[in-house]
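Numbered from 1 within each chain, the chains take letters A, B, ... in sequence-line order.
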2 protein chains.
Amino acid sequence: MLTKSSTELVRQQNSSLVLAALRRKGSLSHTEIAAQTGLASATISVITAELERAGIIAKIEQHVQGGRGRPRVLFAPRRTSGYVIVVRISSDTVQYSLVDYGGVLLDRFEEARSHDSSGTAAFGRLFTAALERLLNRSHIAKDEVLAISISSKWLVAADGARLVWSPVFGDEQLDFEKLLRPEWRARVMLNNESLLVAQALAVRAEEKEGGFRSLAVVSLGHSIGLGLARKGRSGELDVSAPNFGHMLHATSAGLCRCGSYGCIEAAAGFYGILRTAFQVPSDTIPAKFVPLSEMDKIAASARQGHRMAGYAFRQAGVALGNGISRVISLYEPMPIFVTGQGTRYFDLLHKGLTEGLAQSLQVRLEGLPEITVLADEQRLVFDGHLDRALSAIDADIAAAGHP
Amino acid sequence: MLTKSSTELVRQQNSSLVLAALRRKGSLSHTEIAAQTGLASATISVITAELERAGIIAKIEQHVQGGRGRPRVLFAPRRTSGYVIVVRISSDTVQYSLVDYGGVLLDRFEEARSHDSSGTAAFGRLFTAALERLLNRSHIAKDEVLAISISSKWLVAADGARLVWSPVFGDEQLDFEKLLRPEWRARVMLNNESLLVAQALAVRAEEKEGGFRSLAVVSLGHSIGLGLARKGRSGELDVSAPNFGHMLHATSAGLCRCGSYGCIEAAAGFYGILRTAFQVPSDTIPAKFVPLSEMDKIAASARQGHRMAGYAFRQAGVALGNGISRVISLYEPMPIFVTGQGTRYFDLLHKGLTEGLAQSLQVRLEGLPEITVLADEQRLVFDGHLDRALSAIDADIAAAGHP
DNA sequence: ATCTATTTTCTCGACTGTCGAGAAAAAAGC
DNA sequence: GCTTTTTTCTCGACAGTCGAGAAAATAGAT
């Protein structure tokens, strides 16, 4: 249902717009803001004055330019007006980063994870301690942190900040919101890494040309992830991370780590490929962790023509292709981007992938989707984090208004 | 990307809101509108005055009420301020209905379709002629028709008003927009019937309690349709009709009418069930049309314990269950509603359906989705038509403003 | 028949917001 | 020091919403 609108909302929306423009371009002058946003010059004056008074943006000194008339003065987000903590959780390490409101990385460290003493409670203690350490090192107070953006490769609840399932914690849920709530005022966000990559790519695609409609990111590795970014009817970006890895592929794919049979992951995840390559019975409970070197060996023998190894990769490709064809059926045709450690085996997966894709009507009607392998995943994930966290903060600021 | 907002947009939004409230409740007084919309009384005065002056709404005479104070005067959409034509295309007949702006059915007739002389051009001529006839019978001018809402059970392009694939026209596309454009000023809308049912159900669910998030409608029949309704983050309803029937189920399902192998429809559509029941080779090009009586016979023998007939229905159920589990994986858990002629065999499908559903992690985590069989599909489709067409008209009116 | 209590609708002034045009500011060129 | 050019700021007009209270219209009481 629609909700009522008012002049305050108008201001809120337009403030957001100005902040978003500033964010995208780094710094802009009065006239440039007007051009970017389409707002009247007078409106820009009012909004920038308000944001400057609130200490959210500031004029930049250096005006190096050789124009004729009155020099432009640039506005930019005031870097010290807030901070974001970015946390990337992977199976063997946790990376903590501190970023200021201008999007500049201030500090970063990693902590190895001890696989034995895990359990959500213990992890929670280590986690909060690490956050404290991050702040201490840069002399920043807890309530200057406006957002904590966390990511993992595993299943995340769409509503809150709950980690629903992971190979490390199993079915035990981990609620970061609850973990941090009384002490931290920061907004807590938890997202799947593929979602963040999709977000970053979508933002880039939007910059480039207006033709962007939707895209999908498939992450290949120990587990299989999917990030989906689509432009809604009203023009806003809608990103999500559906449960692709554990979507049903075919019961023949065998037992999955999650306990079900026939997940895509059970065929296309590292342990699934290993199981097929070594002809382990498909109802064997799969290995907790497959070292990359092991996978490299299988890939090498596949490239040398070893039948079963080659088949394992091909069958993984078919599982992915079928899965993607289903995504396309249930959403719409869209370009596919592939990331993750598994991309190094893409040559081996490729044939099965196109084969698996070609089986559906949608693909037959619209042709094969464009498939691109991504190199700089690290960077994209981080960009996605910042994009989401900072624009969430911007929205909060615009909503707070003039108190 | 966000777009700029302005005071005009505020008015537009709030006008829409008033119209929508009036539409839902039929007629409302000044105070009731204020309560429904949350707008201030003064604002209601301005907006209703404007809409009344434009002839979109009118005061209703009869004020039967036994209150004390000043009697309420009711506003209602003025029935003669516009008309909608609703067209339902099915494989053997086309139904044309004329409805006024108040949502009241004025006239309706059906035309049988001759299966031999079909072809999009011939159909187009019959179609436009029928529209003319509908108007003549009620003495309504062409430019009083503000929307033409068309539906079929087949595949529809998400962007325009193009019928992309149907068992009758095959790959030949039928573009209604192009067919009607120069002569008719009406907005042309083409939707899948399952989408319309989903829309109608979603609107009802929203009325009832605020707890509505999403739902899916599966239509069983000669072909298999899916309608999806979800509440977006900003609270607006997002309905779609993904290509569920031709989503890949499993290659073992055999050749589909669409030319691919392994579509859900090839297993769960009427001809798929028939093929399995009679053990026809699964790469046989399936029957163009299976009479309902034939299906009834198979069902009867299945209920009497005939093995192959029972298996055919069960395997159809599994295909549906697997498909729905994939929808749930790629979207979110949601209640399922089943419509279409095939619901009369639901007892036979049910076991396979739950079996097919239970195979996925998502279902294991969240439990089986609630499944409801719908009785009054006719009514729901029509309601969906009206809901979409009338609210689209309302939006147009609000956008037009005071010219 | 008139008055009063009650309820609904309408109106007025205050406030917030956007916009266009032109004034003011600030630098470069002459 | 004056002019030109470009940018930023300011002012008045206009559109929209809101709260409060005035006006309208009825039922019941006197």
Between [N] ([atom2]) and [X] ([atom1]): distance, integer Å:
X	N	atom1	atom2	value
B:I33	C:dC10	CD1	C1'	14 Å
A:R72	C:dA25	CZ	C1'	16 Å
B:I60	C:dT9	CD1	P	13 Å
A:L39	C:dT18	CG	C1'	9 Å
A:L9	D:dC18	CG	P	10 Å
B:I44	C:dT8	CD1	C1'	14 Å
B:L28	C:dT9	CG	C1'	15 Å

Let's see if you can work this out: which of [options] has an atom nearest to the side-chain heavy atoms of [X]?
X	options	answer
A:T31	C:dT9, D:dT7, D:dA25	D:dT7
B:V10	D:dT17, C:dT9, D:dT10	D:dT17
A:R70	C:dT18, D:dT10, D:dT7	D:dT7
A:A42	D:dC11, C:dG17, C:dA25	D:dC11
B:R11	D:dT8, D:dG16, C:dG17	D:dG16
B:K59	C:dC10, D:dT17, C:dT18	C:dC10

Closest nucleotide of DNA chain D for A:S6 versus for A:H30: which of these residues is on the 5' side? A:H30
When you check the phosphate oxygens OP1 and OP2 of D:dG16, does a side-chain N or O of B:N14 lie under 4.0 Å from one of them? no
Measuring to OP1 and OP2 of D:dT6, would you say a side-chain N or O of A:R68 lies under 4.0 angstrom away? no
Nearest 0.5 Å, please: how far is CD in B:Q36 from CG in B:L22? 10.0 Å
Are the charged groups of B:E183 and B:K142 less than 4.0 angstrom apart, N to O? no
A:E8 or B:F75, whichever maps to the more 5' nucleotide of DNA chain C: B:F75
Scan A:R24, A:R230, A:K231 and name whichever one has a salt bridge (charged side-chain N to carboxylate O under 4.0 Å, His left out) with A:E206. A:K231
Cation-pi geometry met for B:R181 and B:F176 (6.0 Å, 45°): no
Donor-acceptor pair under 3.5 Å: do we get one between A:S41's side chain and the base of C:dC19? no
Side chain A:T48, main chain A:I44, donor-acceptor under 3.5 Å: yes
